[in-house]
Amino acid sequence: MLRFYNTLKGEIETFKPIEPGVVKLYTCGPTVYDYAHIGNFRAYIFEDLLKRTLKYFGYRVIHVMNITDVDDKTIAGSKREYKSLNEFTEKYIKAFFEDIKTLNIEKADYYPRATEHIDEMVKIIKGLLEKGHAYEKDGSIYFKISSFPNYGRLSKIKIEDLKSTGRVDTDEYTKENIHDFVLWKAKKEGEPFWETELGPGRPGWHIECSAMSMKYLGETFDIHCGGVDNIFPHHENEIAQSEAYTGKKFVNYWLHCHHLIVNGEKMSKSKGNFYTLRDLLAKNYNPKAIRFLLMSTHYRKVLDFTFEGLKQANSAIQRIQNFIYELENEDFHEGESKEVKEILIETSKQFDEGLEDDLNISVSLTALFSMIKKINILRNKKKVFKKDVENILKWLKKINTVLGFLEFEVKKELPPDILAKIKEREKARREKNYALADKIREELFKKGIILEDTKEGTRWKIIK
RNA sequence: GGCGGCGUCGCCAAGUGGUAAGGCAGAGGUCUGCAAAACCUCUAUUCACCGGUUCGAAUCCGGUCGCCGCCUCCA
């Protein structure tokens, strides 16, 4: 039984999809005005873990992730670079897809773009106007919060309690109530606009998610995800406009991922602690370790990103990879052991229970590491057999459909010059010229090749 | 001011009423070239602090201190 913490209820509840066996999932995607940063990826990796877990437990998942390609920032960026909006956003959309591939994040089924769904948004806004949930002022259209009594249910915010932070853009658009939010922005000089039944203009931010989720997933769907900062106002507004429009419940489960901070501080460009995935790759960090690090802290806890943590993540993965390497390359006797079988059953059970409990990945990883230790002990005693190894590898491959950071059968070919170096080193070792041997080993290590001298001779491993 | 979260070994991180998982780092050992890698063993009488409830609390209640997030377009 899968259980998730539902922001709407404020508690963990058993997950039950609308249609048995199928999960309709919508996750808030990137605004494509810059390269996504590691904080964004924390959210995307959480969503990836969620989706892979659902699939692991047998659900078919229909996943939609929006791409916000028109808003203040994308418009500002395109102006700054003297490009059309599309030309400008295309670069970052492409980068986004490269990045999620690097992190082994599974692709969504649909990536709808805001600019391609203007008609759908117009239709909803028209409906809201007709039903009295929206009003027009100076060419812009606003959602009337007072017409939707449930407003604030998700974020537990009462409108009366809202403090004006001075960030409210009061002069730019005139609204009846300061908390009403914009559905449609009137055309402004020098900005892109669409000629529609609502008049010339462009959509507000919130409406795209309502329009696109409804189009691909229906008026009511199972799970909606995003970062905690989206709870208010974005998701609150989505609920208001969607439910006011359809008269139906919008989403059953709202799952929110907490923030990532860097060295205990909020990531910001001015503090110089702002990292994109590309920044980390340029520093030669392993994407698998980045994935591990972003995934290994429970999604509802603040994740403090540090380079020390990234190193630790890399070492942790290496331990698992070593284990896989040994299973794949050591010679085992024919047969099967009852003991290993039992360990595997117990481990598998614990691993699953962790995931089922609101994606408690720590528990699942503990199960994995404990198994590695137990099997290593048996392995040293020669009490692991061929069939056992097959079963363990099979299971590891299965859990990797969730984890996504393990590699199997990594044995790649080494280039001839490297092989020659290894031969040279073996010769040096035979001649007890250890200074030269160590020098060669160090040299290869820097290239990501580890040499190990064992009883059976020298063997090599590629890391990274 | 309103709403919410967090504080567990040097670092990361589970556990949320039954007597402290796991990873990294560190120490010792096996192997070995008194090497590297790998593997094994060990490493918190204690869970920010002070009270209370209880046979029993890191876990519940009250208070204190510290840190953080959101409060109109930041995942």
Side-chain angles (χ1 to χ4, degrees), chain A residues 7 10 27-31 36-47 68 71-73 152 155-165 167-170 175 178-182 204-206 225-234 236-237 256-261 264-268 292-293 296-298 300-304 306 308-320 322-323 325-326 350 354 357 360-370 372-373 376-377 379-380 429 432-435 437-438 441-442 445 450-455 458-461 463:
Chain A
T7 307
T27 61
C28 279
T31 301
H37 56 70
I38 51 173
N40 299 125
F41 288 116
R42 193 221 177 164
Y44 303 147
I45 282 187
F46 144 64
E47 288 152 2
T68 301
D71 79 318
D72 292 349
K73 286 187 198 136
S155 53
K156 324 272 186 285
I157 280 174
K158 291 195 195 84
I159 304 203
E160 312 87 83
D161 293 340
L162 286 181
K163 183 185 166 188
S164 175
T165 52
R167 282 160 69 187
V168 183
D169 206 2
T170 41
K175 313 180 222 182
I178 195 155
H179 301 300
D180 287 347
F181 58 91
V182 68
W205 175 37
H206 315 296
C225 298
V228 279
D229 52 342
N230 277 159
I231 296 173
F232 188 86
H234 184 49
E236 196 69 69
N237 291 351
H256 293 99
C257 165
H258 274 60
H259 275 227
L260 172 148
I261 57 176
E265 289 184 310
K266 186 169 175 168
M267 184 164 60
S268 73
F292 180 93
L293 180 63
S296 57
T297 294
H298 185 82
R300 283 192 291 116
K301 281 189 92 171
V302 173
L303 167 64
D304 191 5
T306 62
E308 173 61 26
L310 197 48
K311 277 192 205 117
Q312 292 183 3
N314 199 54
S315 302
I317 288 184
Q318 200 53 51
R319 177 163 168 83
I320 310 173
N322 278 329
F323 180 69
Y325 181 89
E326 296 298 343
Q350 199 192 341
D357 182 19
N360 194 335
I361 189 77
S362 297
V363 166
S364 299
L365 289 176
T366 291
L368 172 59
F369 282 109
S370 304
I372 290 175
K373 180 158 285 180
N376 275 335
I377 292 168
R379 202 162 56 79
N380 288 339
R429 285 190 77 222
K432 301 208 187 295
N433 184 353
Y434 295 120
D438 290 353
R441 190 184 57 213
E442 187 56 28
F445 179 74
I450 289 182
L451 296 184
E452 294 183 358
D453 303 323
T454 69
K455 261 180 267 184
T458 301
R459 64 185 196 186
W460 52 268
K461 265 193 273 199
I463 55 166

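Numbered from 1 within each chain, the chains take letters A, B, ... in sequence-line order.
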Using atom [atom1] in both nucleotides, what's the gap between [N] and [M] to the nearest angstrom?
N: B/A44; M: B/C12; atom1: C1'; result: 15 Å
N: B/C49; M: B/G10; atom1: P; result: 13 Å
N: B/G2; M: B/U59; atom1: P; result: 26 Å
N: B/C39; M: B/G23; atom1: P; result: 11 Å
N: B/G52; M: B/G66; atom1: P; result: 24 Å
N: B/A48; M: B/C65; atom1: C1'; result: 8 Å
N: B/A58; M: B/A14; atom1: C1'; result: 12 Å
N: B/G28; M: B/G15; atom1: P; result: 34 Å

Between [X] (side chain) and [Y] (backbone), is there a donor-acceptor pair under 3.5 Å?
X: A/N322; Y: A/Q318; result: yes
X: A/S315; Y: A/K311; result: yes
X: A/N380; Y: A/I377; result: no
X: A/H259; Y: A/I261; result: no
X: A/E47; Y: A/T27; result: no

Any donor-acceptor pair under 3.5 Å joining the side chain of [X] to the base of [N]?
X: A/R441; N: B/A35; value: yes
X: A/D438; N: B/G33; value: yes
X: A/T366; N: B/A21; value: yes
X: A/E308; N: B/C11; value: no

Scan [X] against the nucleic acid and name what it touches under 4.0 Å (heavy atoms): base, sugar-phosphate only, or nothing.
X: A/D304; result: nothing
X: A/N376; result: sugar-phosphate
X: A/G226; result: sugar-phosphate
X: A/N322; result: sugar-phosphate
X: A/N40; result: base
X: A/K73; result: sugar-phosphate
X: A/E265; result: nothing
X: A/T297; result: sugar-phosphate
X: A/H206; result: nothing
X: A/H234; result: nothing
X: A/L260; result: base
X: A/R300; result: nothing

From C-beta outward on [X], which listed nucleotide comes closest to its side chain: [options]?
X: A/F232; options: B/A38, B/C70, B/C73; answer: B/C70
X: A/V363; options: B/C12, B/A14, B/A37; answer: B/A14
X: A/F369; options: B/G23, B/A38, B/G33; answer: B/G23
X: A/Q312; options: B/A14, B/G10, B/A36; answer: B/G10
X: A/P233; options: B/C6, B/U72, B/G23; answer: B/U72

5'-most contact on RNA chain B (nearest-nucleotide basis), A/I372 vs A/Q350, goes to A/Q350

Assert: residue with more 5' nearest nucleotide on RNA chain B, out of A/I450 and A/N360, is A/N360

Whether [X] contacts [N] is assessed here as follows: a side-chain N or O lying under 4.0 Å from the phosphate OP1 or OP2. Is that the case?
X: A/K311; N: B/C11; value: no
X: A/R319; N: B/C40; value: yes
X: A/K301; N: B/A14; value: yes
X: A/N433; N: B/G33; value: no
X: A/K266; N: B/A75; value: no

Check the geometry between A/Y434 and B/G33 and answer yes if their rings are stacked (centres below 5.5 Å, planes below 30°), otherwise no.
yes

- Task: Could you tell me how the ring of A/W205 sits relative to the ring of A/H234: parallel (under 30°), tilted (30 to 60°) or perpendicular (over 60°)?
- Result: parallel

Starting from [atom2] on [N], measure out to [atom1] on [X] and report it in whole angstrom.
X: A/L451; N: B/A36; atom1: CG; atom2: C1'; answer: 9 Å
X: A/F445; N: B/A38; atom1: CZ; atom2: P; answer: 9 Å
X: A/W205; N: B/C74; atom1: CH2; atom2: P; answer: 6 Å
X: A/L303; N: B/C11; atom1: CG; atom2: C1'; answer: 14 Å
X: A/I157; N: B/G4; atom1: CD1; atom2: C1'; answer: 10 Å
X: A/H258; N: B/C67; atom1: NE2; atom2: P; answer: 19 Å
X: A/I261; N: B/C70; atom1: CD1; atom2: P; answer: 11 Å
X: A/H298; N: B/G22; atom1: NE2; atom2: P; answer: 21 Å

pair [X]-[Y]: side-chain heavy atoms closer than 4.5 Å:
X: A/N40; Y: A/P30; result: no
X: A/H258; Y: A/R42; result: yes
X: A/P233; Y: A/F181; result: no

One should read off an interatomic distance between A/N360 CG and A/H298 NE2, to the nearest 0.5 angstrom, of 6.5 Å

Dot-bracket assigned to RNA chain B with the 3.5 Å Watson-Crick/G-U criterion, [ ] for crossing and | for other-strand pairs, is ((((((((.[[[..)..(...]]].(((((.......))))).....[[[[[..)....]]]]])))))))....

